[in-house]
Amino acid sequence: MTAARARSKSPGKQARAPAPERDGETLQSRLAKLGIRSKRDLALHLPLRYEDETKITPLSQVKGGEPALVEAEVVDSEVKYRPRRTLVVKLVDDEGRNLWIRFLNFYPSQVKQLAPGKRVRLFGEVRAGFFGDEMVHPKYRMVEKGAPLSKSLTPVYPTTAGLSQLQLRGLIERALDMLVLDDTLDAKLLAKLGLPGFRESVMLLHRPPPDVDAASLDMRTHPAWRRLKFDELLAQQLAMRIAYRERRAKVAPPLPDAHTLTNALVKSLPFPLTRAQRNAQQVIAKDLAQPHPMRRLLQGDVGSGKTLVAALAAVQCIENGWQAALMAPTEILAEQHYLKLRHWLEPLGVKVAWLAGSLKPREKKIAMEAISRGETQLAIGTHALFQEGVEFARLGLAVVDEQHRFGVEQRLALVAKGGGEPHQLMMSATPIPRTLSMSYFADLDVTVIDEMPPGRSPVITKLVSEERRDEVIARVRESCRDGSQAYWVCPLIEESETLQLKTAIETFETIKQTFPDLSVGLVHGRLKTAEKAQVMEAFKARVIQLLVATTVIEVGVDVPNATLMVIEHAERMGLAQLHQLRGRVGRGSQQSLAILLYYQPLSEAARARLKIIYENNDGFEIARQDLLLRGPGEFLGARQSGAPLLRFADIEADTDLVEAARNVADELIAAKSHAVADHLERWLGSRQFYLKA
Ligand code: ADP
Ligand code: MG
């Protein structure tokens with residue numbers, strides 16, 4: 001990259017006079033906005049679509065709604081002032097059919113140019129207007145009769161303000177003429193994959209011949225498109241698989257399963273592990289026994305029992321004389337973990353400690369000292385666990401719950417702790433669709449818990465318009481009178497924490513007045529840890545019947561007797577959030593119900609989300625549809641912030657290519673092929689494509 005980059009950075013050839021130099025610099029910065037820093041980047045800047053200027057369509061054959069190239073002679077032109085200043089030109093084509101074109105913005109020179117008798121080639125959509133066929137603001141140019149037509153479809157590129165199509169097209173044309181564009185992959189491999197050559201593909205996409213299958217170009221299923229997508233995916237896979245291998249070359253303490261503490265924990269439980277939990281545990285047990293750091297992502301739907309799998313990993317680590325840490329994104333969740341794990345592990349003699357930001361300085365100091373002396377065997381907390389001043393004596397395993405909710409920096413801080421590289425187990429209840437994990441998560445190992453503990457009944461979901469609030473209130477009352485408990489989730493106010501708090505308190509007051517016969521509690525993010533714990537304890541002990549809550553209860557909260565949840569302003573929430581919230585009920589054997597209250601009018605996106613959540617109970621399916629709805633950029637959120645996403649390949653539509661790229665990447669790396677470096681250089685240059693986790 002460096003040479004090409006240096007070259008393209010130097011000012012243009014005629015950069016003598018001040019003006020062009022300034023221009024040259026703006027051109028560069030504009031290109032940079034499009035991610036173009038070299039000639040090679042220009043060649044890989046592929047068209048969005050094409051315009052067919054290879055043939056002239058007579059007006060009589062133009063189809064409505066389809067852009068076409070037409071040619072006609074000016075009959076008459078006139079500047080009209082009603083209702084607005086408009087240039088109206090009447091033309092006639094060779095078959096004698098008339099066409100009117102209108103311009104609202106025009107230069108005086110255009111009026112002169114479009115004089116009677118002149119011939120014009122116009123590109124655009126012909127529509128039925130007041131007088132007849134009409135084009136508004138068409139692209140046009142003056143021609144002589146019989147002027148040659150373009151020999152290939154005209155590419156239309158993604159561009160940016162201040163950079164015209166024509167200019168960009170010219171730059172790309174020149175780059176294509178100068179570049180060699182040799183293949184990074186050998187002919188045998190390409191034949192096996194059924195893909196065309198690189199040069200041939202790039203050329204075809206920039207200059208498609210008139211007889212090309214236009215539909216397959218549009219749909220991006222043409223072999224040339226497939227080749228470029230494959231190359232892009234291969235670059236991604238190579239980068240991530242190399243990161244994967246680099247990690248495997250690092251050293252971590254081997255922590256084999258001695259089966260004493262793990263067996264004791266399993267025996268002490270009132271239930272057997274599910275098949276999926278057992279599988280996950282075994283895979284993780286093997287990872288931990290390796291002398292290389294584990295980076296495993298444990299995915300499982302809400303309620304699938306990931307905590308227990310984490311506990312088993314922790315005791316395996318502890319049994320080997322190393323410390324384990326469990327980090328959760330919120331205090332409320334961290335505390336739940338603390339209570340649960342202490343309940344499970346203290347009878348086995350494991351020393352569990354709690355560390356959160358809200359601890360009093362003295363308590364914090366005590367906790368930190370126990371951790372640094374190595375006395376604490378399992379430390380549980382929020383990201384406070386990995387902040388300045390906390391030193392683990394021998395950290396062997398770090399478990400990150402709900403990993404997608406942590407920022408990249410917080411996770412990196414975790415890796416940096418403890419001198420060496422601890423093993424890492426990440427858990428997520430936002431299931432990552434398979435194609436996504438195969439592409440963007442290819443540097444991790446992934447295990448899926450695809451089974452729920454027995455005895456759960458799926459949550460029934462109802463969508464209820466706010467106008468029918470009374471029915472909902474009646475339902476809540478009835479349910480609580482029957483001895484069940486319920487959540488009332490406050491509207492989400494994303495813009496401001498202060499407003500969120502205000503809304504929570506207001507909702508609480510309203511609900512208290514609405515249900516004078518019930519005991520109502522409130523929990524929100526601003527409560528102190530002890531206060532939160534108090535409320536949650538009261539809810540667990542059934543002292544509180546109806547719990548008004550903000551989305552702080554979204555993750556991990558576990559009260560089996562709560563069987564009803566009302567979510568206000570459900571239309572404001574994201575799919576993952578709704579699914580997680582809904583997962584707080586349906587935790588016992590009782591039939592549970594989630595009522596999503598929505599306010600009219602619904603935006604189209606909100607309507608789509610509510611439909612998906614209504615129709616699906618399976619978190620993986622919801623995530624898949626969420627991905628379709630929003631695209632990987634938003635779906636990935638924090639993980640990929642700053643890292644470029646795939647430009648051409650579509651991991652849903654191109655699953656076969658994702659798989660092929662994965663296999664080829666592993667083969668090329670194993671064979672130490674020089675294609676690896678060539679390919680990465682071409683596609684990634686200096687760009688940082690992935691984040692080293
Ligand atoms: P999540 O995967 O959402 O973190 P949890 O680990 O919180 O799920 O588990 C949800 C509930 O299921 C907890 O109450 C847990 O004790 C219980 N649980 C876990 N494993 C089993 C099992 N094999 N059989 C029955 N209940 C289980
Ligand atoms: Mg959990």
Side-chain angles (χ1 to χ4, degrees), residues 262-263 265-282 284 296-315 325-345 347 378 380-382 399-406 425-432 446-459 485 487 536-537 539-540 551-563 565 576-590 592 594 617-620 622-623:
T262 44
N263 282 2
L265 173 55
V266 171
K267 277 214 193 84
S268 74
L269 296 169
F271 47 72
L273 300 192
T274 64
R275 174 195 48 78
Q277 282 172 320
R278 226 174 21 244
N279 289 346
Q281 192 251 325
Q282 279 163 10
I284 293 165
R296 190 169 286 277
L297 178 63
L298 180 63
Q299 294 187 259
D301 207 344
V302 177
S304 60
K306 295 182 293 293
T307 318
L308 180 52
V309 177
L312 286 162
V315 294
L326 169 59
M327 175 165 89
T330 63
E331 285 217 13
I332 221 173
L333 178 56
E335 187 151 22
Q336 290 240 335
H337 281 325
Y338 173 60
L339 296 174
K340 179 146 241 163
L341 288 167
R342 212 174 54 171
H343 172 74
W344 279 341
L345 302 186
L378 172 60
I380 299 177
T382 57
V399 182
V400 185
D401 197 15
E402 307 295 341
Q403 65 91 25
H404 60 284
R405 315 214 342 157
F406 285 101
L425 178 64
M426 290 157 268
M427 307 200 287
S428 174
T430 298
I432 297 143
V446 180
T447 302
V448 176
I449 300 192
D450 57 359
E451 181 188 20
M452 287 290 189
R456 301 263 173 90
S457 43
V459 179
Q485 290 166 278
Y487 296 99
M536 292 315 295
E537 274 313 306
F539 191 52
K540 262 194 188 152
T551 52
V552 295
I553 55 147
E554 173 187 337
V555 282
V557 172
D558 191 22
V559 180
N561 191 49
T563 57
M565 173 175 284
Q577 195 163 35
L578 285 171
H579 181 62
Q580 293 246 355
L581 277 172
R582 183 173 63 177
R584 297 308 109 210
V585 289
R587 303 225 135 204
S589 48
Q590 292 264 52
S592 292
N617 248 315
D618 174 359
F620 277 76
I622 292 169

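One-based numbering, in listed order, for ligands and for the atoms of each.
Looking at Lys306, its side chain never comes within 3.5 Å of a backbone N or O of Leu298 through a donor-acceptor pair. Without hydrogens or angle criteria, Gln485 side chain to Phe539 main chain gives a donor-acceptor distance under 3.5 Å.
In this structure, Ser304 is part of the shell of residues with a heavy atom less than 4.0 angstrom from ligand 1.
The salt bridge (Lys or Arg N to Asp or Glu O under 4.0 Å) check on Arg275 picks up Asp450, Glu451, with sequence neighbours excluded. Residues satisfying the side chain to side chain contact (heavy atoms under 4.5 Å, CB included) test with Asn263, not counting sequence neighbours, are His259.
Counting heavy atoms closer than 4.0 Å to ligand 1, residue Pro560 contributes nothing at all. Only the side chain of Lys340 comes within 4.0 Å of ligand 1, judged by heavy-atom distances.
Note: an N/O pair closer than 3.5 Å links Gly305 and ligand 1 by distance alone. At under 3.5 Å, not a single nitrogen or oxygen of Leu308, backbone or side chain, sits near a nitrogen or oxygen of ligand 1. At under 3.5 Å, not a single nitrogen or oxygen of Trp344, backbone or side chain, sits near a nitrogen or oxygen of ligand 1. Polar contact with ligand 1: absent for Phe271 (N/O pair, distance under 3.5 Å).
Listed by number with element, the atoms of ligand 1 under 4.0 Å from a non-hydrogen atom of Thr307 are 4 (O), 5 (P), 6 (O), 7 (O). Shown in contact with Pro272 at under 4.0 Å from a heavy atom are these atoms of ligand 1, numbered in order with element: 22 (C), 23 (N), 24 (N). Heavy-atom proximity to Thr274, at under 4.0 Å, picks out these atoms of ligand 1: 23 (N). Residue contact check: Leu273 has heavy atoms under 4.0 Å from atoms 23 (N) of ligand 1.
Checked against Leu308 for a side-chain contact (heavy atoms from CB on, under 4.5 Å), the options Gln281, Lys340, Gln277 give a single hit: Gln277.
To the nearest 0.5 Å, the span separating CD1 on Ile622 from CG on Asn617 amounts to 6.5 Å. Taking NZ of Lys267 as the start and CG of Leu265 as the end, the distance is 11.0 Å to the nearest 0.5 Å.
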Please assess Arg342 against Ile380 for the test side-chain contact (heavy atoms from CB on, under 4.5 Å), listing each intermediate value before the final yes or no. CA-CA 10 Å; Arg342 212 174 54 171; Ile380 299 177; over 6 Å; no
